[in-house]
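A quick write-up on the structure given underneath.
FYI, the numbering just counts along the sequence from 1. Counting starts at 1 for both ligands and their atoms, in listed order.
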Amino acid sequence: MALRTIRLMGDEILTKQCRPVKEMTPRIETLIEDMLDTMYDAQGVGLAAPQVGILRQIVVIDVSPEGDDPIVLINPEIIETSGEQTGQEGCLSVPGKVGIVTRANYAKVKALDENMEEIIVEGEELLARALQHEIDHLAGQLYVSKTKDGLHDLSEEPEE
Ligand code: NI
């Protein structure tokens with residue numbers, strides 16, 4: 001298990017566009033393993049490669065209660081959304097803070113898996129939110145720019 005350093009808001013790398021992955025390599029396999037380790041260690045539900053300083057289109061997500069259902073998405077692309085949800089969001093790159101963000105309630109994503117085979121992942125609610133949040137990271141976007149009323153401290157979260 002290898003943990004990578006999570007880059008924090010203010011780090012330029014979090015504002016940059018990521019490049020697609022063209023082929024699976026041992027280096028990228030290791031990166032994906034490390035991203036999963038780093039996400040679980042930080043008790044996050046998602047992590048994007050730029051958050052560990054790598055400008056590649058890779059995200060990992062696990063919204064399962066047990067943390068035993070990882071999703072790995074390479075070169076992910078949102079191909080369909082519907083509905084709307086408004087709720088609290090946080091990010092491992094913005095520790096201790098949360099904000100209210102409106103997103104699609106359903107998202108359908110086309111991506112490659114670790115074997116570079118095409119997969120479709122669909123999700124509602126928390127999974128849809130995680131898919132949209134993580135894919136935003138690959139375009140250099142943080143949820144912070146989408147909050148309705150700015151950031152709040154995690155300890156004084158609004159009652160809703
Ligand atoms: Ni994030």
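With sequence neighbours left out, E66 forms a side chain to side chain contact (heavy atoms under 4.5 Å, CB included) with D68. Taking D136 as the reference, R103, Q141, K146 meet the side chain to side chain contact (heavy atoms under 4.5 Å, CB included) condition, with sequence neighbours excluded.
Checking each of L92, L47, T5 against V52 for a side chain to side chain contact (heavy atoms under 4.5 Å, CB included) leaves exactly one that passes, namely L47. For the side chain to side chain contact (heavy atoms under 4.5 Å, CB included) test with I61, the passing option among V121, V45, I135, L131 is L131; the others fail.
For the Ni ion (ligand 1), protein N, O or S atoms under 2.8 Å: 3 in total.
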Would N105 and S82 count as a side-chain contact (heavy atoms from CB on, under 4.5 Å) here? Give the steps.
CA-CA 6 Å; N105 193 52; S82 66; over 6 Å; no

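Applying the side chain to side chain donor-acceptor pair (under 3.5 Å) rule to pairs touching residues 121-134 yields E89-R129, E89-H133, Y106-E122, H133-H137, sequence neighbours excluded.
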